[in-house]
Participant: 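The structure under discussion is supplied below as structure tokens; questions concerning it will follow.
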Amino acid sequence: MKPILNASFFRSDNDNEPVREWLKALSATERRVMGEDIKTVQFGWPLGMPLVRHLEGGIWEIRIKLENRIA
């Protein structure tokens, strides 16, 4: 099965990917939760709150609930 949406990381003008770097610093458990929720959005689109929130234009955020915070 092919995903409905493609996920991509923000890339700065100097080719840094701060979100990817942040993800690398998370625990394996938190990375797994993040990946599962991103996959849910990719294959289950369209979705809304509490998992997905529209920011503006074509930009949406995935709001992932971790143990003691939302990422």
Participant: From R31 CZ over to I38 CD1, what is the distance, rounded to the nearest 0.5 angstrom?
Facilitator: 12.5 Å
Participant: State, to 0.1 Å, how close F43 and M1 come at their nearest heavy-atom pair, and which atoms those are.
Facilitator: CE2-O, 3.5 Å
Participant: Applying salt bridge (charged side-chain N to carboxylate O under 4.0 Å, His left out) to E21 and K24, what does each step give before you reach the verdict?
Facilitator: CA-CA 5 Å; E21 294 304 316; K24 288 179 182 178; 3.5 Å; yes
Participant: Give, for atom CZ of R20 and atom CZ of F9, the distance between the pair rounded to the nearest 0.5 Å.
Facilitator: 4.5 Å
Participant: Check the pair R11, N16 against side-chain contact (heavy atoms from CB on, under 4.5 Å), reporting the backbone distance first and the verdict last.
Facilitator: CA-CA 6 Å; R11 184 178 296 234; N16 289 334; over 6 Å; no
Participant: According to a hydrophobic-cluster definition based on side-chain heavy atoms being under 4.5 Å apart (Ile, Leu, Val, Met, Phe, Trp, Tyr only), do V33 and L26 belong together?
Facilitator: yes
Participant: Taking the side chain as everything from C-beta on, heavy atoms only, tell me whether E61 gets closer than 4.5 Å to H54.
Facilitator: no
Participant: Is there a continuous path of hydrophobic side-chain contacts, each under 4.5 Å between heavy atoms, that joins L47 to I62?
Facilitator: yes
Participant: I want to check something: taking the side chain as every heavy atom from C-beta on, are W60 and V41 in contact at a cut-off of under 4.5 Å?
Facilitator: no
Participant: Honestly curious: do L5 and I64 fall in one hydrophobic cluster under the side-chain, below-4.5 Å linking rule?
Facilitator: yes
Participant: If you count the non-hydrogen atoms of other residues, nucleotides and ligands that lie under 6.0 Å from CG in N14, is the total more than 12?
Facilitator: yes
Participant: Rounded to the nearest 0.5 Å, what's the gap from CD1 on I59 to CD on E56? Could you check?
Facilitator: 5.5 Å
Participant: Any chance you could measure K65, atom NZ, to I70, atom CD1, to the nearest 0.5 Å?
Facilitator: 7.0 Å
Participant: Is the closest basic N to carboxylate O distance between E30 and R32 below 4.0 Å?
Facilitator: no
Participant: Could you please spell out the steps behind the side-chain contact (heavy atoms from CB on, under 4.5 Å) verdict for W45 and V52?
Facilitator: CA-CA 10 Å; W45 187 255; V52 179; 3.7 Å; yes
Participant: To the closest 0.5 Å, what do you measure between OG1 (T29) and CE (M34)?
Facilitator: 13.0 Å
